[in-house]
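Worksheet: the structure to be examined is printed underneath.
Lettering follows sequence order; numbering is per chain, from 1.
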Amino acid sequence: MARKLTGFLSRFYLLLIMIFLYAPILVMVVLSFNSSRSRVVWEGFTLNWYVRLFSNHQIMDALINTLVLALASAGISLVMGLLAALGISAMRRRGYTITMGLTNIPLLNADIVTGIALMLWFIHFMPLSFHSVLIAHVTFNIPYVILAVLPKIQQMNISIYEASRDLGASAVYGFFTMILPQLTGGLVSGFFMAFTMSMDDFVITYFTKGPGFNTLSTMIYGEIRKGIKPEMYALSTLIFVTVFALLLVVNFLPGRQEEE
Amino acid sequence: MPESILELKNISKTFDGKKVIDHLDLTIYKNEFITLLGPSGCGKSTLLRIIGGFVQPDEGRVFCNGVDITDLPPEKRNLHTVFQKYSLFPHYDVAENIAFGLKLKKKSKEYIRDKVKYALRLVNMEGFEHRKPNLLSGGQQQRVAIARAIVNEPEILLLDEPLGALDLKLRQEMQRELMKIKREVGITFVYVTHDQGEALTMSDRIIVMNQGLIQQMGDPKSIYDEPQNAFVADFIGESNIITGIMRKDCLVEIQGQDVMCVDTGFQKDEPVDVVIRPEDLSIVPEGAGFIDGLATDVIYQGAYYDIRVLADDYEWAIQSVNPVMCGTRVGLAILPENIQIMHKPRSADEEVIRGK
């Protein structure tokens, strides 16, 4: 009897948490299909808001900006992060500890501090625009790539690289055929993590962007001040679905590879 | 005089302030099976990695056929390594593993196919072409690793404790196999191991190393029968090493008893180390040997009994085919030619240097 009760309670508790986490998002998703502008009354299903969303040039420009920014910053930080991780893994104990500490600071630092600091720095050297935002995003993305790749480097079997060199492979060929394939899992999750973080960012983007350049998050922020339109529900739903899908990929891809 | 193939001149290497190899000179000859033998941390693996090109020496040069190869990267050296850990490429099958070096040399498809086939037959692995390495046993993986190196026809094959991870029976089987392969391909083998049995079985020449220095080199029999210092005597097989006094040529005092030996050239009354192999001692009735003692421990080892005899605070190790009763008093006898006399080292430093 007591066991049944505790079982019920623990499942109920889990359910409460799930509701607390996902009900608001579910409400937003439902409202994005509501034919009324009302936020409380359901008046029937429509894809109208999605149509209007995609015909809105301002939103579409911001979407493209966001995707280009996320892809570019994730790509650049992937290469830089991989090189950094390779370097860090080769360091001795002392240098390793110091460098990893320095690497973690941008992760723990409040976004607003990073944002303001980067802005102050950038205005000395360049106009605030796409480029400044890109550099800012690369800056905060590199640590994520390092954190994803470093464990893979430490686990990898270096002796097969040495064996390939021994059998006549150059350092570059050995790296691409023996080392890189072992790091794929870490690189993929590092890339997607960086991509998601870039898509997700508002504060740092807001401070480092110039006038006239908008990502989705900064654009929505600007729109909200004029009043929320249901297109925003549709847009947010799409972003949620995208990020959710990416997270699924990040979580399941490395696991699948290890099973093979 | 055999032709030399590899020369190490004055090699030194320090890791984290610890001298791993200390001004080492070594010449390796064509077609010999040479073993670097020593306890872990003695510098033998580092020496092999210096020959292979994976570690740069701090000092000294490496010559192959008279050409200085010290600064060449591993891929430019005509020698190949069989690593201790099975370092097969996990994403390639057996045939692709073996073909790796040949493909890099841009050999023709037919040539590669024939060579892979030949190499697999050489290591007794025909029919395994399309297996993935993770489906092979440890012994099979090591065979493939050997085939993968040999197929490139290196002048020298470096083997870094290749049998270390195998069980005893498989190890003995692989030792025979390695000697067979060595005979068939007729190239120089440089073998690293800490297993003295392995070294004695396979080698033409053994280099005993400790603390980055060569302690002794020679053929297996001379290393075993005439160890030049207490370290070698102790490391190669079990030994009784006891302090004695050289009374005159061919007479040494051990535990207060004068015993005949065959060593000459020591000073009168010089303190010396006396080395006696356990299998050279025989158990005789009390009073019939050079010394008497109490049998304290008798362990059956299959082919012989491992017996300990306590005499004047020294515990003698004896291997005998005949058992004795534990707790009986017995005598120990020795033939003069089985006693090995060594100068005592004057200091701990000399202990390791004298081997040179």
Review point. Going by distance alone, is a donor N or O of one side chain under 3.5 Å from an acceptor N or O of the other, for B:D22 and B:Q211?
Key: no

Exercise for review: Count the heavy-atom pairs under 4.5 Å between each of B:N152, B:D16, B:V151 and chain A, then report the option with the highest count.
Suggested key: B:D16

Practice item. Under 4.5 Å heavy-atom distance to chain B, tell me which part of A:Y161 shows up: side chain, backbone, both or neither. Key: neither

**Study point:** B:L79 portion near chain A, given a 4.5 angstrom heavy-atom threshold
**Key:** backbone

Practice item. Examine whether an atom of B:L88 lies under 4.5 Å from a heavy atom of chain A, and if so say whether it belongs to the side chain, the backbone or both; otherwise answer neither. Key: backbone

Check your understanding: Going by atom types only, do B:T193 and B:E198 share a side-chain donor-acceptor pair under 3.5 Å?
Key -> yes

**Study point:** B:N31-B:T188 side chain donor-acceptor pair, cut-off 3.5 Å
**Key:** no

Exercise for review: Taking the six-membered ring for Trp and the single ring otherwise, decide whether the centroids of B:F89 and B:F100 are under 6.0 Å apart.
Suggested key: yes

Exercise for review: Flag the one option from B:A149, B:P154, B:A145, B:P74 with the top tally of heavy-atom pairs under 4.5 Å to chain A.
Suggested key: B:P74

Point to revise | Within 6.0 angstrom of B:Y111 OH, more than 12 heavy atoms from elsewhere | key: yes

